[in-house]
Amino acid sequence: MQHIHAFDFDGTLTSRDTLIAFIRFGCGRRRLWLGLLRFLPMLVAMKLHCYPNWKSKQRVFTHFFGGMEQHDFTALCQRFAAEHTHLMRPAAIATLREIQQTGHPIVIISASIDDWVRPFFASLHIEADVIGTQVEVIDGRLTGRFSTPNCYGAEKVRRLLEHYPDRKSYTLTAYGDSRGDRELLAEADEAHYKPFN
């Protein structure tokens, strides 16, 4: 029977959230803080569960990257990953390498934008199937909207089963660290909560 290892990214494999780090890398510290101040009431409402997580994330993303040329965004994502591999937890990298040696599939399931998650694994020479939130592109430019639902909570399980539908044909080991991973961890045959902290 096949054995799939599914990992959350932010906070599980990394030491902190990559969205803020990516915005700071792409837009600068000053623009980051001015943008966060602008959206502070919305972000507080989100933390209090009074405003949808996906909607706040999309509004913030649109503010910083809406209208950007797709090829510029792709290049930015690649540079970000190449220069931020230090965000990856050493124990997590060691585990990923051990699994890779077994030949078992590694799946990264993240609410982050897949464009900047995928290059982390290319930089580390780790083969992984990356499933993340995808951005909408029209006429070669980012609209700022997401073309898929935010890959969070139950959406992680739905996307995993979309890629690997025959659930009875494989054993699933999942790794996560937050409320957004509960459903994925519950779906797993073996679950690891905050395994690398």
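Please read all numbers here as calculations on a predicted model, not as lab measurements.
- The two residues Ile108 and Ile106 make their nearest non-hydrogen contact at CD1-CG2, 4.0 Å.
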Problem set entry | Worked verdict on His3 versus Tyr170 for ring pair (Phe, Tyr, Trp, His ring centres under 6.0 Å) | CA-CA 5 Å; His3 188 173; Tyr170 58 88; 9.6 Å; no
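- A 4.5 Å side-chain heavy-atom check between Leu124 and Met88 finds at least one atom pair inside the cut-off.
- The aromatic rings of Phe25 and His84 sit perpendicular to each other, their planes meeting at more than 60°, with 30° as the lower class boundary.
- Asp10 and Thr18 share a side-chain donor-acceptor pair at under 3.5 Å.
- Between the side chain of Arg141 and the main chain of Met68, no donor-acceptor pair closer than 3.5 Å is present.
- With rounding to the nearest 0.5 Å, the separation of NE2 in His63 from CD1 in Ile23 is 8.5 Å.
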Exercise. Under the side-chain contact (heavy atoms from CB on, under 4.5 Å) criterion, do Leu13 and Tyr175 qualify, and how do the steps go?
Worked result: CA-CA 9 Å; Leu13 296 179; Tyr175 307 75; over 6 Å; no
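- Between Arg79 and Glu83, none of the side-chain N atoms (NZ, or NE/NH1/NH2) sits under 4.0 Å from a carboxylate O, so this pair counts as no salt bridge.
- A donor-acceptor pair is defined here as one N or O able to donate and one able to accept, closer than 3.5 Å; such a pair exists between the side chain of Asp181 and the backbone of Ser178.
- In terms of heavy-atom proximity, Gln100 sits nearest to His125 at NE2-O, 3.4 Å.
- Under the 4.5 Å side-chain criterion, counting only non-hydrogen atoms from C-beta, Leu34 is not in contact with Leu32.
- Contact record, Pro195 with Gly176: CD-O, 3.9 Å, taken as the closest heavy-atom pair.
- Ring pair Phe120/Phe9 is perpendicular by interplanar angle, where above 60° counts as perpendicular and below 30° as parallel.
- The shortest side-chain heavy-atom distance between Val135 and Phe65 does not fall under the 4.5 Å cut-off.
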Problem set entry | Criterion side-chain contact (heavy atoms from CB on, under 4.5 Å) on Val44 and Phe39, from CA distance to verdict | CA-CA 9 Å; Val44 170; Phe39 291 112; over 6 Å; no
Problem set entry | Evaluation steps, side-chain contact (heavy atoms from CB on, under 4.5 Å), between Thr143 and Val137 | CA-CA 6 Å; Thr143 65; Val137 177; over 6 Å; no
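- Applying the 6.0 Å contact sphere to CZ of Arg182 captures no more than 12 heavy atoms from other residues, nucleotides or ligands.
- Salt bridge Arg118/Asp129: absent, no basic N to carboxylate O contact under 4.0 Å.
- Between the side chain of Arg24 and the main chain of Arg29, no donor-acceptor pair closer than 3.5 Å is present.
- Checked options Thr148, Asp115, Asp114; the residue passing with Gln134 is Asp114 (criterion: side-chain hydrogen bond (donor to acceptor under 3.5 Å, both in side chains)).
- Annotation for Ser110 and Cys151: closest pair O-CB, 3.2 Å, computed over non-hydrogen atoms.
- For the residue pair Asn197/Asp177, the side-chain donor-acceptor check at 3.5 Å is not satisfied.
- In plain terms, the two heavy atoms of Thr14 and Arg16 that are nearest each other are OG1-O, 2.8 Å.
- Distance alone, capped at 3.5 Å, is enough to place a donor-acceptor pair between the Asp189 side chain and the Leu172 backbone.
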Exercise. Taking it one step at a time, do Leu36 and Ile20 satisfy side-chain contact (heavy atoms from CB on, under 4.5 Å)?
Worked result: CA-CA 10 Å; Leu36 291 180; Ile20 298 300; 4.3 Å; yes
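- Between Phe73 and Phe22, the two ring planes are perpendicular [angle over 60°; tilted spans 30° to 60°].
- Looking at Thr133, its side chain never comes within 3.5 Å of a backbone N or O of Asn150 through a donor-acceptor pair.
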For this session: Show the numbers, then the answer: is there a salt bridge (charged side-chain N to carboxylate O under 4.0 Å, His left out) between Arg167 and Glu187?
Result: CA-CA 10 Å; Arg167 183 63 184 85; Glu187 175 70 20; 3.0 Å; yes
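- Taking all atoms of both residues into account, the shortest heavy-atom contact from Phe64 to Cys27 is CD2-SG, 3.8 Å.
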